[in-house]
There are 2 protein chains.
Amino acid sequence: MDSGEESGGDDGGPSRRLRKRIMKPPPSPEPEKEMKKNSGTKKVKKGQPMMEAREEDGEFACDMEGCNMSFDSKQELIVHKRNVCPVKGCGKKFFSHKYLVQHRRVHMDDRPLQCPWKGCKMTFKWAWARTEHIRVHTGARPYVCTEDGCGQTFRFVSDFSRHKRKTGHSVKK
Amino acid sequence: MDSGEESGGDDGGPSRRLRKRIMKPPPSPEPEKEMKKNSGTKKVKKGQPMMEAREEDGEFACDMEGCNMSFDSKQELIVHKRNVCPVKGCGKKFFSHKYLVQHRRVHMDDRPLQCPWKGCKMTFKWAWARTEHIRVHTGARPYVCTEDGCGQTFRFVSDFSRHKRKTGHSVKK
DNA sequence: CTTTCTCTGTTTTGTC
DNA sequence: GGACAAAACAGAGAAA
DNA sequence: CTTTCTCTGTTTTGTC
DNA sequence: GGACAAAACAGAGAAA
Ligand SMILES: [Zn+2]
Ligand SMILES: [Zn+2]
Ligand SMILES: [Zn+2]
Ligand SMILES: [Zn+2]
Ligand SMILES: [Zn+2]
Ligand SMILES: [Zn+2]
Ligand SMILES: [Zn+2]
Ligand SMILES: [Zn+2]
Ligand SMILES: [Zn+2]
Ligand SMILES: [Zn+2]
Ligand SMILES: [Zn+2]
Ligand SMILES: [Zn+2]
Ligand SMILES: [Zn+2]
Ligand SMILES: [Zn+2]
Ligand SMILES: [Zn+2]
Ligand SMILES: [Zn+2]
């Protein structure tokens, strides 16, 4: 036999089970009992910009405004200037050169933002994801449909957007 | 109070817990005891091609070879001809116009391929994912490093590729 | 189908 | 040699 | 860090 | 009016 991983079965060996495939955005919030305890409305620091652009130490530098990236080959630079992500299997094309640089965090393991709620280990790459996540703790439903006779509320902007799209409520006139 | 979702706490109401965010490729295989039971090496049917390209009923038709797609606006057609996926938030650019059409399955909910293993509910969008998944059941490790004195085996081509890349084994001469 | 919720490319807002 | 489609590869990347 | 395993854009293979 | 960055939106889409 060829020693399959999950062979086992009858013996007492470490017969592995087929694992579930899961993709959770890191440490999901623990089941919270208390709500709206954390009243600490942390002041957002207004320091210098978020320092996103790292230089690479290549010979071919991008000369586009505000971009200080450089690459090892001319071809890489051309792709970069076309606002196409160079990561294999990605290849997304963007409208903005600035965003191309921000997009790189999608391919990095860092999740620098944390949920401020005590005991919650949730982390994020995007500030907006954190902003909306916090509402899960507070219970806030900040989106209110102003259409006459509707008055529905929503916790997430996406759900409010869908409501407007499907019902035609609150469309600008 | 504003009726937060997971308010509850002390009362007996349906106080919801914060849910985990999970992304599993559908019905993961049940813990399998038996191994290599399914000897049924299903013959692959060689019928007509996989019939991927669906026409849309737009006015602007793509005239590229073998492509029968059409669109509602000229701008959509231009994007299509540039091999860029039109799905919002995707925007990937591809080398091949043929693949652009196949890529659309990424955005569809259908998972037309199934694991042939009895009792396994795993489904797939891509044939290769199915092919490699089956080895989890059979225990097969079909990749063997031929470098002198190495002889390591691998179940997944990706792991074999990495082995070659990191060790320099089996590099073509 | 539904609701809940996260991710992210683009749009809008706010400040200088 | 050329289509053309199916198979396979080679990463990326999630989870444990 | 590791191993296991799935997803998918591109490359290779096989058939006509 | 113009930068420019932060915030917000508007989908896509996963999970239950
Ligand atoms: Zn640049
Ligand atoms: Zn990318
Ligand atoms: Zn939290
Ligand atoms: Zn409404
Ligand atoms: Zn076409
Ligand atoms: Zn796409
Ligand atoms: Zn299976
Ligand atoms: Zn080797
Ligand atoms: Zn704003
Ligand atoms: Zn030939
Ligand atoms: Zn990896
Ligand atoms: Zn990782
Ligand atoms: Zn082949
Ligand atoms: Zn002004
Ligand atoms: Zn959706
Ligand atoms: Zn879905």
Side-chain angles (χ1 to χ4, degrees), chain A residues 5-6 16 18-26 28-29 44 46 48-50 52 65-66 83 85 87-96 98-100 102-103 105-109 122 124-133 135-136 142-143 154-162 164-165, chain B residues 5-6 16 18-26 28-29 44 46 48-50 52 65-66 83 85 87-96 98-100 102-103 105-109 122 124-133 135-136 142-143 154-162 164-165:
Chain A
E5 282 293 348
E6 73 295 21
R16 303 191 197 165
L18 296 187
R19 280 188 284 95
K20 285 203 183 190
R21 188 124 303 247
I22 289 172
M23 170 209 181
K24 64 163 186 317
S28 76
V44 180
K46 282 228 169 180
Q48 72 277 55
M50 205 176 165
E52 187 104 35
E65 45 149 328
N83 296 348
C85 176
V87 173
K88 187 173 183 295
C90 181
K92 285 194 176 189
K93 189 176 194 320
F94 306 106
F95 284 6
S96 138
K98 261 291 172 49
Y99 180 71
L100 171 67
Q102 297 186 185
H103 162 82
R105 79 181 76 169
V106 167
H107 302 295
M108 300 194 297
D109 285 343
M122 196 80 169
F124 309 90
K125 295 185 177 183
W126 301 96
W128 186 249
R130 193 190 97 127
T131 297
E132 294 213 286
H133 163 80
R135 296 179 196 146
V136 172
Y143 302 97
F154 302 90
R155 178 160 300 148
F156 303 103
V157 67
S158 178
D159 297 319
F160 185 35
S161 299
R162 179 155 41 87
K164 287 183 289 185
R165 175 161 33 91
Chain B
E5 283 292 350
E6 75 293 24
R16 304 195 193 159
L18 296 187
R19 280 190 282 95
K20 285 203 183 190
R21 187 124 302 249
I22 290 172
M23 172 207 180
K24 63 167 190 310
S28 76
V44 180
K46 284 230 172 182
Q48 71 278 54
M50 208 177 162
E52 188 105 33
E65 44 150 328
N83 296 347
C85 176
V87 173
K88 186 172 184 297
C90 182
K92 286 195 175 189
K93 189 177 193 319
F94 305 108
F95 284 7
S96 139
K98 260 295 172 45
Y99 180 72
L100 171 65
Q102 296 186 183
H103 163 80
R105 77 180 77 166
V106 167
H107 302 295
M108 301 194 296
D109 285 342
M122 196 82 169
F124 309 90
K125 295 185 178 186
W126 301 96
W128 186 250
R130 193 190 97 127
T131 298
E132 294 212 288
H133 164 79
R135 294 178 197 146
V136 172
Y143 302 97
F154 303 88
R155 179 161 300 148
F156 303 102
V157 67
S158 177
D159 298 319
F160 185 34
S161 298
R162 180 156 41 86
K164 287 183 288 185
R165 175 161 34 90

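What you are looking at is a predicted structure, and each value in this text was computed from that prediction instead of being measured. Naming convention: chains lettered A, B, ... in sequence-line order (proteins, then strands); numbering from 1 in each chain.
- Of all heavy-atom pairs between F156(B) and E132(B), the closest is CA-OE2, 3.3 Å.
- Residues that satisfy the ring-ring contact (aromatic ring centres under 6.0 Å, His included) test with F95(A), not counting sequence neighbours, are absent from this structure.
- For W126(A), there are no side chain to side chain donor-acceptor pair (under 3.5 Å) partners two or more places apart in sequence or in a different chain.
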If you restrict it to nitrogen or oxygen atoms, what contacts under 3.5 Å exist between nucleotides 10-12 of chain F and the protein, and what is each distance?
{"unit_1": "dA10(F)", "atom_1": "OP2", "unit_2": "S161(A)", "atom_2": "OG", "d": "3.0"}
{"unit_1": "dG11(F)", "atom_1": "O5'", "unit_2": "R165(A)", "atom_2": "NE", "d": "3.3"}
{"unit_1": "dG11(F)", "atom_1": "N7", "unit_2": "S158(A)", "atom_2": "OG", "d": "2.8"}
{"unit_1": "dA12(F)", "atom_1": "N6", "unit_2": "S158(A)", "atom_2": "OG", "d": "3.2"}

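- For R105(A) and dG9(C), the CZ to C1' distance is 12 Å, given to the nearest whole Å.
- Closest non-hydrogen pair, V106(A) versus K125(A), comes out as O-NZ, 3.0 Å.
- Atom pair Y143(A):OH and dA8(F):C1' shows a separation of 7 Å (rounding to whole Å applied).
- Comparing the same atom, P, in dA14(D) and in dC7(C) gives a spacing of 11 Å after rounding to whole Å.
- Note: CH2 (W126(B)) to P (dA5(D)) measures 15 Å, nearest angstrom.
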Between the protein and nucleotides 1-4 of chain F, list every N/O to N/O distance that falls short of 3.5 Å.
{"unit_1": "dC4(F)", "atom_1": "OP2", "unit_2": "E65(A)", "atom_2": "OE1", "d": "3.1"}

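- Per the geometry, CZ belonging to R155(B) stands 18 Å off C1' belonging to dA8(D), to the nearest Å.
- Note that CE of M108(B) and CZ of R105(B) are 7.5 Å apart. Values are rounded to the nearest 0.5 Å.
- Between the P atoms of dA12(F) and dT11(E), the separation comes to 30 Å (whole Å).
- The side chain of H133(A) has dT6(C) as its nearest neighbour among dT6(E), dC7(C), dT6(C).
- Separation of the P atoms belonging to dT6(C) and dT12(E) is 42 Å when rounded to the nearest angstrom.
- F154(A) comes within 4.0 angstrom of no nucleic acid atom, judged by non-hydrogen atoms across all strands.
- Atom-to-atom, CZ of R162(A) to C1' of dC1(C) comes out at 12 Å; the value is rounded to the nearest Å.
- Within 4.0 Å of F94(A), counting heavy atoms only, lie sugar-phosphate atoms of the nucleic acid but no base atom.
- Between dT8(C), dG9(C), dT8(E), one nucleotide has an atom nearer to the side chain of K125(A) than all others, and that is dT8(C).
- Spacing between atom NZ of K93(A) and atom C1' of dG9(C) amounts to 13 Å, rounded to whole angstrom units.
- Note on F156(B): a base of the nucleic acid sits closer than 4.0 angstrom, heavy atoms only.
- Between M108(A) atom CE and dT8(C) atom C1' there is a gap of 14 Å when expressed in whole angstrom units.
- In this structure, the CE atom of M122(A) is 10 Å from the C1' atom of dC7(C), given to the nearest Å.
- Base-pairing analysis of DNA chain F finds the following stems of at least three consecutive Watson-Crick or G-U pairs, with both pairing distances under 3.5 Å: C:2-16 with F:2-16.
- Evaluation of the side-chain contact (heavy atoms from CB on, under 4.5 Å) rule for K164(A) yields F160(A), S170(A) as partners, not counting sequence neighbours.
- Look at H103(B) and you'll find a side-chain N or O under 4.0 angstrom from OP1 or OP2 of dG9(E).
- Y99(B) comes within 4.0 angstrom of a base, heavy atoms only.
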